K.L.:
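Next up is a structure, given as structure tokens.
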Amino acid sequence: MLSNRNNMMSTENTLEEAVARLRAGKLVAIPTETVYGLAADATNDLAVSAIFEMKRRPAFNPLITHVSDTAMAQRYARWNERAEALAAAFWPGPLTLVLPRREDCPLSLLVSAGGGTVALRAPDHSVTRQLLGLFDGGIAAPSANRSGRVSPTQPQHVVSEFPDEDLQVLEGGATRIGIESTVIDCCGAVPSILRPGSITDAMIRAAGIAVESYRGGADVRAPRSPGMLLSHYAPSIPLRMNVSRVGPGEALLAFGPQPLAGAVHMVNLSEQGDLAEAAANLFSAIRSLDDPAYSGIAVMRIPETGIGAAINDRLYRASVK
Ligand code: TXA
Ligand code: MG
């Protein structure tokens, strides 16, 4: 376990300590296969509001509640056959289902930002699956970064986002996927993608499930998923996409075997041109290039295929000030 309070504990006590903290309304950073989350007991109003406070997140932006499985999901949401099919195909995994809250839903209204829906996901990481099993209840967790900043893919990123807060960081290594989950609205007759992620519309259709594709730019300006605001993932220096030439003083975020010449510094997302590898490296690469020593970050073109669409979505947000 990493701790920003230097209270190191033996690993066997770590999960029990995390459960005790959740029960006491305190926060724990949790590893998932996508990014690290800033977690609290999703039924505890004070604990959930502490997440908003620590992230400085606008209260109109609802949170994902993490569950162990479909049985736990059904304690909170009015389940339907679209959700059942999606969960059967992709849970545990990087897919978040937005569903109507049950009338007797015990979750804090804050996770729904006061609305009538709830976003649920069963994460695929052994540490957090164990935690969910021991806690036996929904865990609210947005990405463990200050609002508007790049999501953390390593435990060290979380510590550097929140160096002085009372926070236990559960160690789970570098995250495998590196980009946040696909968010899909399951309230209507045809599920509709609100945020692109590693589970693509093509993968969903290949599983025999009808889905409305992400509407990209249109949703960015009038987001149905309130977190899909333009200025997100913002580095402190300018970021340009699809460059064919590096400008003076720029650092290069390269992709593929032939990086552009002329950069003062370069990080390659994937020398092999592998999109999954690029996604896993994306946020730590942006973090490492976010340095006022450079005039900006120039990003080479990333193909729109597969998880490339989610990579370009996050880069687009990082490029808009
Ligand atoms: O991979 C992930 O999804 C990570 C890990 C920690 O699970 N979590 C994450 O949470 O990215 P966050 O809070 O950074 O993003 C959640 C997204 C936001 O865009 C939010 O607006 C949307 O999901 N969302 C949450 N609840 C919603 C709801 N009831 N209706 C529509 N969108 C919702
Ligand atoms: Mg986030």
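Counting starts at 1 for both ligands and their atoms, following the listed order. All figures in this text were calculated on a predicted structure; none of them were measured in a lab.
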K.L.:
For H66, take its heavy atoms, then give the atoms of ligand 1 lying under 4.0 Å from any of them.
P.N.:
5 (C), 6 (C), 7 (O)
K.L.:
Below 30° counts as parallel, above 60° as perpendicular, anything between as tilted: where do the rings of W91 and W79 land?
P.N.:
tilted
K.L.:
Just jot down the ligand 1 atoms closer than 4.0 angstrom to any heavy atom of I64, in number order.
P.N.:
3 (O), 8 (N), 9 (C), 10 (O), 16 (C)
K.L.:
Does the pair K26/D41 count as a salt bridge with the N-to-O cut at 4.0 Å?
P.N.:
no
K.L.:
Compute the shortest N/O to N/O distance between Y36 and ligand 1 and return yes if it is under 3.5 Å, no if not.
P.N.:
no
K.L.:
Can you see whether S112 engages R101 through a side-chain donor-acceptor pair at a distance of less than 3.5 angstrom?
P.N.:
yes
K.L.:
Side chain or backbone, does S181 bring an N or O within less than 3.5 Å of an N or O on ligand 1?
P.N.:
yes
K.L.:
Within ligand 1, which atoms have a heavy atom of T34 less than 4.0 Å away?
P.N.:
1 (O), 2 (C), 4 (C), 5 (C)
K.L.:
For the residue pair R146 and F162, establish whether any side-chain heavy-atom pair is separated by less than 4.5 Å.
P.N.:
yes
K.L.:
Any nitrogen or oxygen of E180, side chain or backbone, less than 3.5 Å from one on ligand 1?
P.N.:
no
K.L.:
Please find out if the Mg ion (ligand 2) and some N, O or S atom of S151 are separated by less than 2.8 Å.
P.N.:
no
K.L.:
If we ignore angles and hydrogens, is there a donor and acceptor under 3.5 Å between the side chains of R205 and S213?
P.N.:
yes
K.L.:
Identify whether the distance between the nearest side-chain nitrogen and carboxylate oxygen of D185 and R195 falls below 4.0 Å.
P.N.:
no
K.L.:
Using distance alone, decide if ligand 1 has a nitrogen or oxygen within less than 3.5 Å of any nitrogen or oxygen in S143.
P.N.:
yes
K.L.:
Looking at R121, E180, R176, which hits side-chain hydrogen bond (donor to acceptor under 3.5 Å, both in side chains) with T34?
P.N.:
R121
K.L.:
For ligand 1, which atoms sit closer than 4.0 Å to a heavy atom of T117?
P.N.:
28 (C), 29 (N), 30 (N)
